[in-house]
Amino acid sequence: KAANLKLAASFGATRTIQPNTKAGRAALDDLKKARPFDLVIEAAGFQETIGDADLFVRKGGRLSIFAWHHGPRTVDMGRWHLSGLKVLNSAPNIGADSALNYMDRAIRLMELGVFDESRLVTHRHPFEQVTAAMELARERPNGYMKGVLQF
């Protein structure tokens, strides 16, 4: 989404790519050939992004799955294995060991003001409307970035 790319630039992204354009596809193909990144964070939550995310990670690099995937996904496990890919899951409550729980670390950084996520929150819902909030998060209509439940 073009609006998401503008938002990424406003947060300091030095390069954004719109993949549904000829120039965007060419740029992504170049990055896949180079595999230049130590860490790739998959935050879109779509089959296309998780299916190709490892193609941008250098051998032995890390892939952080940050998005909420709403159902089964297919990935090339052989490619992941042969790349020596380390996969990180940033979902909350993934382990009692806080050294492994990346969500705890992210929350602490937000509390310290390192990250200001307020511009990402486009929808607020009372906790009694959790079902409707989750459905809206799954649908991702235009103008939706992130929703929060208010207690």
Short question: side chain of Glu42, backbone of Gly45 - any donor-acceptor pair under 3.5 Å?
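Yes; at least one donor-acceptor contact below 3.5 Å.
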
Spatial distance of atom [atom1] ([X]) from atom [atom2] ([Y]) [nearest 0.5 Å]:
X	Y	atom1	atom2	value
Ile65	Leu88	CD1	CG	8.5 Å
Glu117	Leu109	CD	CG	11.0 Å
Thr49	Ile41	OG1	CD1	13.0 Å

Could you check whether Asp54 pairs with Arg35 (Lys NZ or Arg NE/NH1/NH2 to Asp/Glu carboxylate O, under 4.0 Å)?
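Result for this pair is no, no salt bridge flagged.
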
State plainly whether the residues Asp38 and Arg62 are in salt-bridge range, i.e. N to O under 4.0 Å.
no

side-chain hydrogen bond (donor to acceptor under 3.5 Å, both in side chains) pairs, two or more places apart, involving residues 5-15:
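Listed by first then second residue: Ser10-Arg119.
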
For residues Thr74 and Gln47, report the shortest heavy-atom separation together with the two atoms involved.
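Scanning both residues, the minimum pair turns out to be O-NE2, 2.6 Å.
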
Run Leu39 and Val57 through side chain to side chain contact (heavy atoms under 4.5 Å, CB included) and show every step you take.
CA-CA 6 Å; Leu39 170 67; Val57 184; over 6 Å; no

Would you say that Leu85 contacts Lys59 through its side chain, given a criterion of any heavy-atom pair below 4.5 Å between the two side chains?
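Answer no - side chains too far apart.
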
Pairs involving residues 121-151, ordered by first then second residue, that meet ring-ring contact (aromatic ring centres under 6.0 Å, His included) (sequence neighbours left out):
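ring-ring contact (aromatic ring centres under 6.0 Å, His included) check on residues 121-151 returns His123-Tyr144, Phe127-Phe151.
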
Cation-pi, Phe46 ring and Arg140 (6.0 angstrom, 45 degrees)
yes

Partner residues of His69 under the ring-ring contact (aromatic ring centres under 6.0 Å, His included) criterion, sequence neighbours left out:
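His69 satisfies ring-ring contact (aromatic ring centres under 6.0 Å, His included) with no other residue.
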
Does Lys146 NZ have over 12 foreign heavy atoms under 6.0 Å away?
no

